[in-house]
Amino acid sequence: MGNGGAGKSWLARRIGEQLHHPVVHLDDMHWEPGRYGIDRDRALRDEMVKAAAERHAWVMEGVYGQLANMVLNRTTILVWIDLPEEECIANIKLRGIQGGETETQFDGLLKWVAEYRSRMNNWNSFETHARLFSVFSRPKFLLSSREAVTDFADRLSTSIHEAAMKEPRFPNDAGEDAWMVVQVFADEHWNAYHDIRRAVLFEARGLIGYDANHPDDRRDGHFPLLLLLENTPLGAARLDLMSEQTAWVRTVAIRAERQGKGYGRMLMAGLEKFASQHRVKRLLVNAARDAVGFYEALGWAVIEAGHENPVLTKELRTRPQW
């Protein structure tokens with residue numbers, strides 16, 4: 001994945017040739033055949049992408065973060081090409097008009113590529129690619145120069161082999177590699193996410209009406225998270241980005257039989273790391289009164305005590321995107 005003109009198609013073809021895998025160009029699925037600039041029916045496009053991802057092996061390339069997000073659970077290695085915009089623009093000018101573009105569309109493409117880092121809340125942007133890259137827990141490569149892309153292609157068989165052999169590094173800083181906090185993508189993780197929240201936040205409190213299809217869980221900027229212990233889901237929470245530097249923590253829940261054993265701390269540690277990777281500097285939470293002590297022990301401070309659910313906040317140090 002990467003910006004327009006970054007060299008995704010070229011690298012995908014090289015990988016496909018060397019590994020003998022079919023290459024899937026997401027542009028071919030996003031646009032109507034032979035009609036650049038005319039979107040294909042979205043439902044049909046999504047079905048085509050899902051069908052391609054169900055193949056035994058493939059190499060897929062494109063700028064479309066939403067489509068990449070759909071296939072991450074089938075992705076074994078992720079490559080993000082992040083070149084300076086001026087290099088991408090130069091590459092596009094060098095290849096010229098293609099695919100049925102008009103001059104007006106070509107000029108629009110150059111402007112769109114130039115805005116890669118400034119687009120906010122957009123699937124096809126640096127912001128989204130950075131998020132997808134940061135939460136991807138399998139082997140991944142960030143290529144930030146033309147030389148890096150060429151070198152990767154030249155030593156492809158070694159690169160892929162080394163990546164495939166790597167043990168996954170779980171996002172915790174405690175020296176323990178048995179647990180991790182991950183963003184929810186796969187169906188099995190969605191099921192666990194809802195099971196935990198339903199049992200802890202509704203059934204244990206005598207409530208009914210839990211909605212597993214609530215739109216807030218899939219809204220842009222909302223990140224459902226799971227705590228996994230040796231791949232067993234134990235806890236769930238959601239991080240909602242509210243501004244460039246502020247996020248709310250929602251619906252924190254640990255399975256009843258695992259409560260009081262430190263797993264809540266693990267969940268919050270992973271959530272805070274995830275948040276800092278997304279450049280969040282301040283977290284907020286509406287806490288149940290009996291949970292205020294838990295948050296205070298983790299460095300949170302009460303800022304509004306008069307509500308039924310007091311509001312607490314915590315300042316974070318931001319971390320790099322990779």
Side-chain angles (χ1 to χ4, degrees), residues 1-13 15-16 19 21-82 88 91-92 95 97-102 104-113 115-116 119-133 135-136 138 140 183-190 212-224:
M1 63 185 182
N3 197 6
K8 302 182 299 298
S9 297
W10 179 84
L11 182 58
R13 285 193 293 268
I15 296 173
L19 299 184
H21 292 345
V23 177
V24 178
H25 301 285
L26 293 177
D27 265 340
D28 295 341
M29 298 182 176
H30 181 76
W31 303 116
E32 286 282 353
R35 303 176 68 189
Y36 177 84
I38 306 298
D39 293 359
R40 194 189 294 269
D41 175 78
R42 182 167 297 184
L44 176 59
R45 177 202 67 182
D46 292 354
E47 286 304 315
M48 292 173 65
V49 173
K50 291 175 183 177
E54 289 300 319
R55 297 174 185 170
H56 174 67
W58 41 264
V59 181
M60 191 175 290
E61 65 84 16
V63 69
Y64 308 101
Q66 185 174 23
L67 302 183
N69 187 30
M70 287 169 47
V71 303
L72 276 186
N73 64 330
R74 293 278 296 162
T75 301
T76 54
I77 296 173
L78 181 64
V79 180
W80 179 19
I81 307 178
D82 179 31
C88 295
N91 291 339
I92 291 173
R95 76 190 187 195
I97 293 176
Q98 60 181 17
E101 290 176 304
T102 65
T104 299
Q105 289 172 327
F106 185 73
D107 291 340
L109 173 62
L110 295 178
K111 180 177 183 296
W112 185 80
V113 168
E115 297 170 346
Y116 178 60
R119 284 193 294 273
M120 294 291 111
N121 299 316
N122 187 295
W123 279 106
N124 308 326
S125 65
F126 174 89
E127 178 190 40
T128 291
H129 291 167
R131 288 176 181 173
L132 294 176
F133 190 84
V135 302
F136 188 76
R138 298 183 182 124
K140 54 191 175 184
Q183 186 178 353
V184 176
F185 286 120
D187 288 344
E188 63 188 82
H189 284 172
W190 274 113
N213 297 308
H214 198 288
D216 278 355
D217 284 329
R218 296 179 184 266
R219 198 180 303 279
D220 286 350
H222 291 193
F223 297 94

Exercise for the section: Give me the one residue out of Leu78, Asp82, Val63 that meets side chain to side chain contact (heavy atoms under 4.5 Å, CB included) with His129. Expected result: Val63

Handout entry: Gap separating the NZ atom of Lys140 from the CG atom of Leu132, nearest 0.5 angstrom
Key = 10.5 Å

Exercise for the section: Report yes if some heavy atom in the side chain of Pro224 is under 4.5 Å from a heavy atom in the side chain of Arg218; otherwise report no. Expected result: no

Practice task
Spell out, as yes or no, whether a donor-acceptor pair under 3.5 Å connects the side chain of Arg119 to the backbone of Ser125.
Solution key: no

Exercise for the section: Decide whether a cation-pi geometry holds between Arg95 and Trp10; the criteria are a distance under 6.0 Å from NZ or CZ to the six-membered ring centre and an angle within 45° of the ring axis. Expected result: no

Completion exercise
Distance col, row Glu54:CD vs Arg74:CZ, nearest 0.5 angstrom, shows 5.0 Å

Practice task
Please round to the nearest 0.5 Å and tell me the distance separating atom CD1 of Ile97 and atom CG of Asp107.
Solution key: 7.5 Å

Practice task
May I ask you to decide if Leu19's main-chain N or O and His21's side chain share a donor-acceptor pair within less than 3.5 Å?
Solution key: yes

Practice task
Mind telling me whether Phe133 and Trp80 have parallel, tilted or perpendicular rings, with 30° and 60° as the class edges?
Solution key: tilted

Practice task
Determine, step by step, whether Asn121 and Asp220 satisfy the side-chain contact (heavy atoms from CB on, under 4.5 Å) criterion, reporting the C-alpha distance in whole Å, the side-chain angles of both residues, the deciding distance to 0.1 Å, and the verdict.
Solution key: CA-CA 7 Å; Asn121 299 316; Asp220 286 350; 5.8 Å; no

Handout entry: Non-hydrogen side-chain atoms of Met60 and Val71 separated by less than 4.5 Å
Key = yes

Problem - Heavy-atom pair with the smallest gap, counting every atom of Cys88 and Gly4 - result: CB-O, 3.2 Å

Exercise for the section: Tell me yes or no: between the side chains of Asp27 and Tyr64, is some donor less than 3.5 Å from an acceptor? Expected result: yes

Exercise for the section: Can you measure from CE (Met120) to CZ (Phe126) and round to the nearest 0.5 angstrom? Expected result: 9.0 Å

Exercise for the section: Determine yes or no for a side-chain-to-main-chain donor-acceptor pair under 3.5 angstrom, with Asn3 supplying the side chain and Ala6 the backbone. Expected result: no

Handout entry: pair Val135-Phe223: side-chain heavy atoms closer than 4.5 Å
Key = no

Handout entry: Glu61 vs His25, side-chain contact (heavy atoms from CB on, under 4.5 Å): CA-CA, chis, key distance, verdict
Key = CA-CA 5 Å; Glu61 65 84 16; His25 301 285; 2.6 Å; yes

Exercise for the section: Given side-chain contact (heavy atoms from CB on, under 4.5 Å), test Asn122 with Thr128 step by step and report yes or no. Expected result: CA-CA 7 Å; Asn122 187 295; Thr128 291; 5.7 Å; no

Exercise for the section: Give the minimum heavy-atom separation between Val24 and Arg55, together with the two atoms involved. Expected result: CG2-NH1, 3.8 Å

Exercise for the section: I would like to know whether Arg13 and Ser9 meet side-chain contact (heavy atoms from CB on, under 4.5 Å); could you show each step before the answer? Expected result: CA-CA 6 Å; Arg13 285 193 293 268; Ser9 297; 3.7 Å; yes

Completion exercise
Looking only at heavy atoms, the pair that brings Lys8 and Gly62 closest together is CE-C, 3.5 Å

Practice task
Can you sort out the partners of Asn91 under side chain to side chain donor-acceptor pair (under 3.5 Å), two or more places apart, ordered by chain and number?
Solution key: none

Exercise for the section: Over all heavy atoms of both residues, which pair between Arg131 and Gly221 is shortest? Give the atoms and the distance, please. Expected result: NH1-CA, 4.4 Å

Practice task
Answer yes or no on whether Arg45 is positioned over the face of Trp31, meaning its NZ or CZ is under 6.0 Å from the six-membered ring centre and within 45° of the axis.
Solution key: no

Handout entry: Within-4.5 Å side-chain heavy-atom neighbours: Asp39 and His30
Key = yes

Exercise for the section: Nearest 0.5 Å please: distance from the CG atom of Leu26 over to the CD atom of Gln66. Expected result: 11.5 Å

Exercise for the section: To the nearest 0.5 angstrom, please state how far the CG atom of Asn73 sits from the CZ atom of Phe136. Expected result: 10.0 Å

Problem - Asp187 atom CG: more than 12 heavy-atom contacts under 6.0 Å - result: no

Under 3.5 Å, sequence neighbours excluded: what are the donor-acceptor pairs made by side chains of residues 46-53?
none

Handout entry: Within-4.5 Å side-chain heavy-atom neighbours: Trp112 and Asn124
Key = yes

